[in-house]
Amino acid sequence: MGERDSEWPVDDADERASGAERRMPLRPPSLDDDDDAPPPPRPALSDETKPPVVRPVPTPGVVKTARTLWLLSFVLGGAAIFIAFLSREALVDELTAQLGRLAPGYDADEVASLVDVVYWSSVAGLALVIMIEGVLLGSLMNRRGGARWLQVIVLMVHAGAVLVGSAFLAVGDRGVFVAPLLAAAFVVALTAWVLCLLPAANRWFRIRDESQPASLD
């Protein structure tokens, strides 16, 4: 009995120690472990679709033809102006004689001044019309269809400039080429404007964006 009684205290102590050990809280993880841990790998992209790109909208054939005709009109009008400039002395003499007969009350200086005004006004008017048509052509090729309606006003002015130029610049030996060149330039410009009204050109002008989406090759 004495031997068994001496063992009980030992068993109670062990039981109390194991119970205290079970009741101890878990030790929090060390922060140093988080600092040393590598970052998680970046997830791979699952969508491998190529990004869209933009490609210019092709210019229809009628618009290209209209551009060529406009340029031809500029060349013809410029040739007429060049011929009128080369034959200026003959033109001035002829205009002086004509205006002297039409206005006998004016003296020589006044007639000469009037001739200069008529000559340079005719030449400058034709050159200005060509410049404005060139600017509007640039707008048309940038797919601004509203420039076509401004061209109507310019074509009306062009017709008046052709009439004035044919009356005052188509005189003399070289001047006989001025009237046909001016008339041809106006007809070609009018044809180019009509081509810009065709359905293919209208569809091209109606596209608001300057490019259309397309996939990468």
Side-chain angles (χ1 to χ4, degrees), residues 45-88 119-170 174-217:
L45 296 176
S46 58
D47 188 6
E48 297 182 355
T49 305
K50 295 180 180 180
V53 296
V54 289
R55 291 177 177 170
V57 177
T59 307
V62 290
V63 177
K64 292 180 179 179
T65 304
R67 177 181 57 188
T68 303
L69 291 178
W70 281 116
L71 296 176
L72 178 59
S73 173
F74 301 157
V75 172
L76 294 174
I81 294 174
F82 183 69
I83 293 174
F85 183 78
L86 290 179
S87 58
R88 180 177 181 276
Y119 173 81
W120 289 113
S121 297
S122 302
V123 172
L126 291 171
L128 182 61
V129 166
I130 293 174
M131 291 177 59
I132 295 175
E133 288 179 350
V135 172
L136 292 178
L137 176 61
S139 298
L140 285 174
M141 297 313 299
N142 287 328
R143 301 199 1 251
R144 293 180 174 88
R148 293 175 295 176
W149 313 119
L150 294 177
Q151 288 280 22
V152 176
I153 302 174
V154 179
L155 286 173
M156 294 173 63
V157 177
H158 193 169
V162 168
L163 294 176
V164 173
S166 300
F168 295 106
L169 301 179
R174 296 178 179 175
V176 295
F177 299 102
V178 173
L181 288 173
L182 292 178
F186 176 74
V187 171
V188 171
L190 182 61
T191 305
W193 178 77
V194 172
L195 289 178
C196 291
L197 300 179
L198 295 180
N202 282 328
R203 286 192 298 269
W204 188 67
F205 286 124
R206 279 199 302 268
I207 301 176
R208 296 297 180 185
D209 299 328
E210 295 187 357
S211 54
Q212 58 188 3
S215 301
L216 286 171
D217 294 333

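Summarising the geometry, atom CD1 belonging to Ile81 is positioned 4.0 Å from atom CD1 belonging to Ile130; distances are rounded to the nearest 0.5 Å. Here Leu136 contributes atom CG and Gln151 contributes atom CD; the two are 4.5 Å apart, rounded to the nearest 0.5 Å. To the nearest 0.5 angstrom, Phe74 atom CZ is 5.5 Å from Glu133 atom CD. With rounding to the nearest 0.5 Å, the separation of CG in Leu197 from CH2 in Trp149 is 5.0 Å. With rounding to the nearest 0.5 Å, the separation of CG in Leu181 from CZ in Phe186 is 15.5 Å. The line from CG of Leu163 to CZ of Phe168 is 11.0 Å long, rounded to the nearest 0.5 Å.
Across Val164 and Ser122, no two heavy atoms sit closer than the pair CG1-OG, 3.5 Å. Counting all heavy atoms, side chain and backbone alike, Leu155 lies closest to Ala189 at CD2-CB, 4.0 Å. When all heavy atoms are compared, the tightest approach of Val63 to Ala201 is CG2-CB, 3.8 Å. In plain terms, the two heavy atoms of Val188 and Leu69 that are nearest each other are CG1-O, 3.0 Å. Shown here for Cys196 and Trp70, the closest heavy-atom pair between the two residues is SG-NE1, 4.5 Å. The shortest heavy-atom contact between Ala185 and Ser73 is O-OG, 2.8 Å.
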Set out, in order, the CA-CA distance, both residues' side-chain angles and the distance that settles side chain to side chain contact (heavy atoms under 4.5 Å, CB included) for Leu190 and His158, then state yes or no. CA-CA 10 Å; Leu190 182 61; His158 193 169; over 6 Å; no
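The environment of Phe177 atom CZ is sparse: at most 12 non-hydrogen atoms of other residues, nucleotides or ligands sit within 6.0 angstrom.
Judged by distance alone, the side chain of Ser166 and the main-chain N or O of Val162 form a donor-acceptor pair under 3.5 Å. Using a distance-only test at 3.5 Å, with no hydrogens or angles considered, no donor-acceptor pair links the side chain of Arg148 to the main chain of Leu140.
Between Leu169 and Leu126, the closest side-chain pair of non-hydrogen atoms falls below 4.5 Å. Taking the side chain as every heavy atom from C-beta outward, Trp193 and Val152 approach each other to under 4.5 Å. Side-chain contact between Leu137 and Leu71 is present, with at least one heavy-atom pair separated by less than 4.5 Å.
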